[in-house]
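Worksheet: one structure, shown below.
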Amino acid sequence: MNDITITFPDKSTRSFPAGINSLQIAESIGPRLAEAAVAVKIDDRFTDLTVPIDHDAKVEIVTGDSKEGHDVLLHSTAHLMAQAVKSLFPDAKVTIGPAIENRFYYDFDIDSTFSDVDLGKIEAKMQALAKSDYSISRLELKRNEALKTFKEMGEEYKVEIIEAIDESETISVYRQDDFLDLCRGPHVPSTGKIKYFKLLGTSGAYWRGDENNTMLQRIYGTVFSSKKGLKEYLHNLEEAKKRDHRKLGKELNLFFFHQLSPASPFFTDWGTIVYNGLVDFIRELYQKYDYKEVISPQIFDMELWKQSGHYEMFIDNMFSMKMGEREFGLKPMNCPGHTLIYSHELHSYRDLPIRMADFGRLHRFEKAGVISGLTRVRSMSQDDAHIFCMPEQIGEEITILFEMIREVFKAFNFNEITVALSTKPEKALGDAKLWDLAESTLNELLEKSDFNFTIDEGEGAFYGPKIDFNVKDALKRDHQLATVQLDFVLPERFKLKYIAQDGSDKRPVMIHRAILGSLERFFGVYLEHCGGDFPLWLAPRQIAVLPVSDKVIDYASHVTDELSSSGFRVELDGKADKIGAKIRQAELSKINIMLIVGEKEAEAGTVSVRKRHQGDLGSIPLNDLIHSLQKEINKRSS
RNA sequence: GCCUACGUAGCUCAGUCGGUAGAGCACUUCCUUGGUAAGGAAGAGGCCACCGGUUCAAGUCCGGUCGUAGGCUCCA
């Protein structure tokens with residue numbers, strides 16, 4: 001047989017006998033590579049390691065630690081799990097089992113449900129199957145063969161999937177031991193490649209995500225190419241649990257929930273300090289960026305929601321009430337109310353843009369199954385604003401918003417921002433020319449900005465394109481916070497107008513925008529981001545004065561009063577505990593500054609400073625401390 | 001709304017086979033007066049989410065309701 005020339009990613013070449021497969025090539029390079037290999041790209045075509053190569057080709061071995069390789073591993077592990085489930089629960093019917101971010105799942109149609117005990121059994125079976133190291137082989141079938149095969153197996157969901165596959169496509173199935181699954185691949189060459197995995201949980205899931213379909217049983221799991229990778233992932237899950245804002249909220253006594261007002265947070269006095277701190281911060285920026293804050297009603301006649309179109313779309317998610325003959329709706333958003341404020345006066349083009357801000361409380365009747373902590377609530381407020389402007393002002397307004405958003409995120413130490421531009425959906429209202437203008441303006445501005453952005457084609461709202469801003473938190477999780485949405489429809493529906501230079505009536509554009517988004521949600525996200533360690537300016541408990549003994553209680557009281565009248569949130573720990581216990585208590589409560597005062601300090605008029613997580617910083621005169629802390633607060637340093 | 005799990009003191013949790021409710025922390029009082037992450041003792045604290053059923057007897061078993069969690073679906 002002839003030799004073929006293989007070119008590697010580093011441009012080096014080697015010759016091999018024709019018909020060799022990539023796994024063998026990997027072995028010839030080194031046992032480590034062969035061990036790590038999960039799939040291959042032959043001439044940029046992503047495929048199985050076991051595919052024979054019979055011509056000169058570019059070969060890139062894909063290992064389990066790359067993103068693509070990890071996905072292969074995840075996907076193969078999903079198959080392994082399906083194999084285990086089929087052997088333990090022969091009545092279960094397989095459906096689909098894809099890889100998702102760092103995890104995989106597989107949905108089964110089964111009469112019973114999976115318990116934790118079942119999960120353990122399935123995982124043990126997977127271990128055994130992996131240990132047996134069955135080779136995983138790809139077969140290509142004709143459409144009718146594939147249909148016949150899966151029909152005979154009674155796998156009706158697979159039959160349905162095959163029926164949906166385009167006639168022209170080849171249909172591939174993968175076999176490992178006696179388990180056969182419809183799949184595009186690629187897959188690892190044998191089950192022994194799958195080593196470091198764990199099943200994470202179960203849930204219900206609708207077939208094809210449609211709530212009218214059968215409820216399937218889903219099992220989630222994860223796999224990594226190394227033990228370390230798996231350990232790290234599980235560790236991160238633990239970390240995330242420790243930082244969970246619901247847990248921190250309880251521990252630090254910031255907010256709570258009561259079953260008599262589900263999904264509606266109660267902020268304690270401490271939580272309210274943080275909440276108001278967020279609002280105050282944004283308010284200061286409203287001064288700088290020329291916003292006018294308004295207060296608008298909580299309850300409107302349903303007529304308003306009918307006119308705005310929300311009634312039709314979202315009435316199921318609105319709190320409504322009938323008072324006598326009249327039906328009212330509790331506002332789920334501010335914008336229709338703001339159009340009433342806008343229309344209250346006649347506007348000249350000279351007045352525009354009008355930037356109308358509102359921290360009004362909003363109520364949305366979120367479905368019982370979706371509510372969660374502070375992230376999905378029924379009662380909330382937003383750092384909401386609507387900008388009424390001329391179409392030709394859109395660019396300028398967006399530019400200013402970019403700057404403002406950057407400033408806000410920086411203040412909260414969100415340093416990684418990604419942006420998504422969502423464009424015109426199929427069902428859209430509004431002038432096509434306006435859409436074009438807006439989309440090209442937004443695109444151009446994003447090109448010019450240094451934001452990393454992607455375009456979500458057709459994902460815009462029906463009333464206009466939008467830009468969503470995502471931040472990465474301390475645990476590298478993405479959160480969508482700010483949103484900027486152009487609206488061509490609401491001005492139309494409420495017949496908004498301004499008098500143009502030529503004296504004619506013109507229609508303004510509305511820009512809906514929020515930077516923190518829902519304050520409740522932001523509270524939760526930020527609480528997890530900082531792990532409860534609030535910066536001094538935001539901290540509900542800034543300073544604790546800790547007397548060493550009650551001999552110095554008078555001096556401690558004096559220090560506390562001084563700080564309090566200087567505007568600090570300070571508390572005195574006058575309990576009969578030892579200093580160590582007081583410090584421990586203050587550290588656990590995440591109080592920023594601990595001031596230890598004993599006889600030495602009382603004599604010298606100083607305080608001994610200890611900062612959270614930093615330990616003893618030595619003693620300084622009280623006045624010096626006050627000045628440096630005031631500076632820190634004014635800078636809003638994080 | 002759907003699937004699954006859970007709901008016991010302010011918090012974290014134990015409670016065996018159905019037989020009058022338990023711990024640690026926090027709280028109150030007392031002793032201790034101390035120097036950078038837990039000094040000691042005592043006390044108080046409970047409609048075991050709620051409603052119904054089975055039973056001589058229910059925190060425990062069964063049904064329902066409410067709430068919470070992880071998902072599914074939804075998200076102006």
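Chain letters run A, B, ... following the sequence lines, proteins first, then strands; residues in each count from 1. As a basis for the values below, the full set of heavy atoms in this structure was taken, side chains included, without hydrogen atoms, waters or symmetry mates.
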What does [X] touch in the nucleic acid at a heavy-atom separation under 4.0 angstrom: a base, only the sugar-phosphate, or nothing?
X        : answer
A:Ile583 : base
A:Gly598 : base
A:Ala576 : base
A:Gly369 : base
A:Gly373 : sugar-phosphate
A:Arg610 : base
A:Lys575 : sugar-phosphate
A:Pro262 : sugar-phosphate
A:Phe257 : nothing
A:Lys582 : nothing
A:Ala263 : sugar-phosphate
A:Met215 : base

Please tell me if [X] has a side-chain N or O lying less than 4.0 Å from either OP1 or OP2 of [N].
X        : N     : value
A:Arg246 : B:G70 : yes
A:Ser372 : B:G70 : yes
A:Tyr220 : B:C72 : yes
A:Lys551 : B:G34 : yes
A:Lys367 : B:C72 : no
A:Lys241 : B:A69 : no
A:Arg364 : B:C75 : no

Using distance alone, with no hydrogens and no angle criterion, decide if [X] and [Y] have a side-chain donor and acceptor under 3.5 Å apart.
X        : Y        : value
A:His479 : A:Asn470 : no
A:Ser557 : A:Asp554 : no
A:Tyr275 : A:Ser381 : yes
A:Ser619 : A:Lys600 : no

Rounded [atom1] spacing from [N] to [M] in Å:
N     : M     : atom1 : value
B:G67 : B:A21 : C1'   : 23 Å
B:C30 : B:A69 : C1'   : 43 Å
B:A26 : B:U12 : C1'   : 11 Å
B:U73 : B:C27 : C1'   : 45 Å
B:U8  : B:C3  : P     : 24 Å
B:G53 : B:G43 : C1'   : 40 Å
B:A49 : B:C11 : P     : 13 Å
B:A9  : B:G70 : C1'   : 27 Å

For salt bridge (charged side-chain N to carboxylate O under 4.0 Å, His left out), just list the numbers for A:Glu528 and A:Lys242, CA-CA rounded to whole Å, side-chain angles, deciding distance to a tenth of an Å, and then say yes or no. CA-CA 9 Å; A:Glu528 296 190 7; A:Lys242 270 191 226 162; over 6 Å; no
Could you give the [atom1]-to-[atom2] distance, from [X] to [N], as a whole number of Å?
X        : N     : atom1 : atom2 : answer
A:Leu248 : B:C11 : CG    : C1'   : 14 Å
A:Leu546 : B:A38 : CG    : C1'   : 14 Å
A:Glu366 : B:U68 : CD    : P     : 13 Å
A:Leu588 : B:U12 : CG    : C1'   : 14 Å
A:Arg584 : B:G34 : CZ    : C1'   : 18 Å
A:Asp616 : B:G35 : CG    : C1'   : 9 Å
A:Asn253 : B:A26 : CG    : C1'   : 12 Å
A:Ile371 : B:A69 : CD1   : P     : 7 Å

Can you tell me which nucleotide in [options] comes closest to the side chain of [X]?
X        : options             : result
A:Glu587 : B:A37, B:C66, B:G71 : B:A37
A:Val548 : B:C66, B:U12, B:G34 : B:G34
A:Phe314 : B:A37, B:C75, B:G71 : B:C75
A:Asp550 : B:G70, B:U33, B:A76 : B:U33
A:Ala581 : B:G71, B:G39, B:C74 : B:G39
A:Ser608 : B:U36, B:G70, B:G34 : B:U36

Row check, A:Tyr157 ring normal vs A:Lys93 NZ/CZ: under 6.0 Å, within 45°: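 So A:Lys93 doesn't make the cation-pi contact.
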Within 45° of the six-membered ring axis of A:Phe319 and under 6.0 Å from that ring's centre, is NZ or CZ of A:Arg364 located there?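 Judged by the rule (NZ or CZ under 6.0 Å from the ring centre, within 45° of its axis), A:Arg364 is not positioned above A:Phe319.
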Applying salt bridge (Lys or Arg N to Asp or Glu O under 4.0 Å), can you list everything that pairs with A:Glu492, at least two apart in sequence or on another chain?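 Testing A:Glu492 for salt bridge (Lys or Arg N to Asp or Glu O under 4.0 Å), a comparison that skips the adjacent residues, returns A:Arg507.
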Evaluate the ring planes of A:Trp435 and A:Phe488, with Trp represented by its six-membered ring, and classify them as parallel (under 30°), tilted (30 to 60°) or perpendicular (over 60°).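 Perpendicular: the ring planes of A:Trp435 and A:Phe488 meet at over 60°.
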Aromatic plane relationship, A:Phe522 with A:Tyr526 - under 30° parallel, 30 to 60° tilted, over 60° perpendicular: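 Rings of A:Tyr526 and A:Phe522: parallel, under 30°.
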When you measure only distances, ignoring hydrogens and angles, does the side chain of [X] come within 3.5 Å of the base of [N] through a donor and an acceptor?
X        : N     : value
A:Tyr206 : B:G71 : no
A:Glu601 : B:G35 : yes
A:Arg612 : B:A37 : no

Starting at the 5' end of RNA chain B and moving along, which residue's nearest nucleotide shows up first, A:Glu599 or A:Thr113?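 Looking at RNA chain B, the more 5' nearest nucleotide goes with A:Thr113.
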Name the residue closer to the 5' end of RNA chain B, choosing between A:Arg376 and A:Ser261 according to the nucleotide with the nearest heavy atom.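 The answer here is A:Ser261.
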Smallest separation among heavy atoms of A:Gly329 and A:Trp305, with atom names: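 Smallest heavy-atom distance, with atoms named: O-NE1, 3.5 Å.
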What heavy-atom pair brings A:Gly531 and A:Arg243 nearest, and what distance separates the two atoms?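 Heavy-atom minimum between the residues: N-NH1, 3.4 Å.
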Show me the dot-bracket string of RNA chain B, counting Watson-Crick or G-U pairs under 3.5 Å, with | for pairs to another strand and [ ] for crossing ones. (((((((..((((.....[..)))).(((((.......))))).....(((((..]....))))))))))))....
